[in-house]
Enquirer: 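Pasting in a structure now, in structure tokens, and then I'll have a few things to ask.
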Amino acid sequence: MTNGSGRAALGRKVVAPVLAIAVLAVGAHLWLNTNLFGREDVCGGLVSTDSADAVFASSGRVSDRDGLDSRPGDRLDFTCTVESSSFLPGSDTERLRISGSRERGDFPFTDDGRWPGPATVSFFSGGATGAVGADHGWVLLPGECTTEDGPAIVEGYAPQGSDPVKLARLLTDVADNAAERAGCTAKRPLTAPVTLAAAPEPRQVRDGAVCGLSGLEFPGPAGRAAVKETVQDSTGPTWSCEVAGHATYAVTQEPRIVAGIRSSPGYAEQPRVAGRQVSGFDHFHVVTDCAGTPTYFSMEFGRSYTSAVGAPGTPRLQDLFDNFVDVAGKQFGCSAPTS
């Protein structure tokens, strides 16, 4: 009996340290390689760690590096980098850059190198207004946040291959939090989309129907057979088409986007386009009335077009835009222009 009791006591002495080590190992793993028991939010409360963790491809400890960098004078002008790190072998630190800023209202359709082409993203509207591409997305803040400097947005750069729906959900949450922080919330909070239409795939330009629009003139000289186009075929309020290297067209009747455009600095009456009275920022970024609905049209020109300007068979800039507004306008309820 004495020997048996001794062996049991010895066993307990051996097991207890092993269990303690196991508990410590599990605790260390949970602390270093997951966000369990971690902070609920980062970036000064703007970013939920759960929402951020959902965007990252693998689990890890979520932090915000140097925290929120907020600009003085405008609480909606900020940047923050969220990280997911793990000490597991082979794991890399993933980063998600979140920022808030004020933009000219038609920023999604201008080619300044910062935004993904509008024909390559998934637009959404309703509970929230925004768009998500392969690794970059944005969401408009409520109209109550618009000032004389223009509308406010939240944008995010996520790791390549992130789930676009989860990124849209994260950015919508951040937009709501940013509006609350700045004291410009809407009557109802923004709500993220449950699903997103898939971004379209490139296809060959079709004779007689550039961008799928019968009568739309090809934005360049002959040789279109080798050119591809990417067309937003969805029935939403925003449509776009990119003719590779030549031109990118866009139309939107999304009320929040159009309101932001009309509230932006530099928005003014412009010369008529296709016989229509228009306002906007220049000859190629304008808003006109289509059966009582304010409708925005834009056209950005690519290098393949600009390098061919003056060559035989290359249409003039204004002729191309007039043709686009006339042809695309019919699809959006625009009646014949009045004199």
Side-chain angles (χ1 to χ4, degrees), residues 21-71 75-101 114-116 120-122 124 127-128 130-141 152-182 189-196 198-199:
I21 292 172
V23 169
L24 288 173
V26 170
H29 165 71
L30 294 175
W31 180 260
L32 296 173
N33 304 315
T34 76
N35 205 52
L36 193 64
F37 308 124
R39 295 164 60 184
E40 293 185 356
D41 55 61
V42 291
C43 299
L46 294 180
V47 180
S48 158
T49 52
D50 285 344
S51 296
D53 190 50
V55 173
F56 292 123
S58 56
S59 63
R61 199 72 178 168
V62 178
S63 62
D64 57 3
R65 296 183 63 184
D66 300 324
L68 184 70
D69 181 9
S70 188
R71 307 294 189 275
R75 302 197 77 185
L76 296 179
D77 189 353
F78 60 84
T79 59
C80 186
T81 299
V82 182
E83 288 187 348
S84 176
S85 58
S86 172
F87 284 84
L88 291 175
S91 61
D92 295 321
T93 297
E94 296 182 281
R95 293 179 175 85
L96 174 64
R97 184 177 182 273
I98 302 289
S99 63
S101 61
R114 174 177 165 192
W115 310 102
T120 66
V121 301
S122 299
F124 54 90
V132 173
D135 59 352
H136 187 190
W138 58 269
V139 170
L140 274 175
L141 268 71
I153 70 162
V154 162
E155 68 176 303
Y157 289 88
Q160 190 75 27
S162 297
D163 186 317
V165 173
K166 293 177 180 178
L167 178 57
R169 186 179 303 134
L170 168 67
L171 295 177
T172 302
D173 289 345
V174 175
D176 266 330
N177 293 336
E180 183 176 0
R181 178 174 176 263
L190 304 177
T191 55
V194 177
T195 61
L196 289 173

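Just so you know, these numbers come straight off a predicted model, no measurement behind them. Along the sequence shown, residues are numbered consecutively beginning with 1.
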Enquirer: How far apart are the closest heavy atoms of Phe56 and Pro159, and which atoms are they?
Expert: CD2-CG, 4.0 Å
Enquirer: How many angstroms lie between OH in Tyr157 and OG in Ser162, if you round to the nearest 0.5 Å?
Expert: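 Answer for the OH-OG pair, Tyr157 versus Ser162, is 14.0 Å.
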Enquirer: Would you check if Leu167 and Asp135 make a side-chain contact, meaning some heavy-atom pair closer than 4.5 Å?
Expert: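 Sidechains of Asp135 and Leu167: no contact.
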Enquirer: Any idea which heavy atoms bring Leu171 and Gly156 closest together, and the distance?
Expert: CD2-N, 3.7 Å
Enquirer: Hey, does the side chain of Arg95 reach the backbone of Thr81 with a donor-acceptor pair shorter than 3.5 angstrom?
Expert: no
Enquirer: At their closest point, which heavy atom of Gly44 faces which heavy atom of Asp64, and how far apart are they?
Expert: N-OD2, 4.5 Å
Enquirer: Counting only N and O atoms by type, is there a donor-acceptor contact under 3.5 Å from the side chain of Asp69 to the main-chain atoms of Thr79?
Expert: no
Enquirer: So do Ile153 and Ser101 actually touch side chain to side chain, heavy atoms under 4.5 Å?
Expert: yes
Enquirer: Do Ser48 and Asp173 pass the side chain to side chain donor-acceptor pair (under 3.5 Å) test, and can you show the C-alpha distance, the side-chain angles, and the key distance before you say yes or no?
Expert: CA-CA 8 Å; Ser48 158; Asp173 289 345; 5.8 Å; no
Enquirer: Kindly indicate whether the side chain of Val55, heavy atoms from C-beta on, has any atom under 4.5 Å from the side chain of Val82.
Expert: no
Enquirer: Do the side chain of Arg65 and the main chain of Glu83 share a donor and acceptor less than 3.5 angstrom apart?
Expert: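 Not confirmed, Arg65 side chain does not pair with Glu83 backbone.
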Enquirer: Shortest non-hydrogen contact from Ala131 to Val121?
Expert: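 Minimum heavy-atom contact is CB-CG2, 3.9 Å.
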Enquirer: Check whether any side-chain heavy atom of Val194 lies under 4.5 Å from a side-chain heavy atom of Phe124, and answer yes or no.
Expert: no
Enquirer: Can you give me the closest heavy-atom contact between Ala152 and Leu76, atom names plus distance?
Expert: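 Closest approach of Ala152 to Leu76, heavy atoms only: CB-CD1, 3.7 Å.
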Enquirer: Any side-chain heavy atom of Leu46 sitting closer than 4.5 Å to one from Leu68?
Expert: yes
Enquirer: Verify, without hydrogens or angle tests, whether Glu94 (side chain) and Ala57 (backbone) share a donor-acceptor contact under 3.5 angstrom.
Expert: yes
Enquirer: Tell me, do Ser63 and Arg61 make a side-chain contact under 4.5 Å, heavy atoms counted?
Expert: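 SC-SC contact between Ser63 and Arg61 ruled out.
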Enquirer: Evaluate the side-chain proximity of His136 to Trp115: yes if any heavy-atom separation is below 4.5 Å, no if none is.
Expert: yes
Enquirer: Give the minimum heavy-atom separation between Val174 and Val47, together with the two atoms involved.
Expert: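 Heavy atoms only, the tightest pair is CG2-CG2, 3.9 Å.
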Enquirer: Does the side chain of Leu170 reach to within under 4.5 Å of the side chain of Leu96, using non-hydrogen atoms?
Expert: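 With C-beta onward as the side chain, the pair touches.
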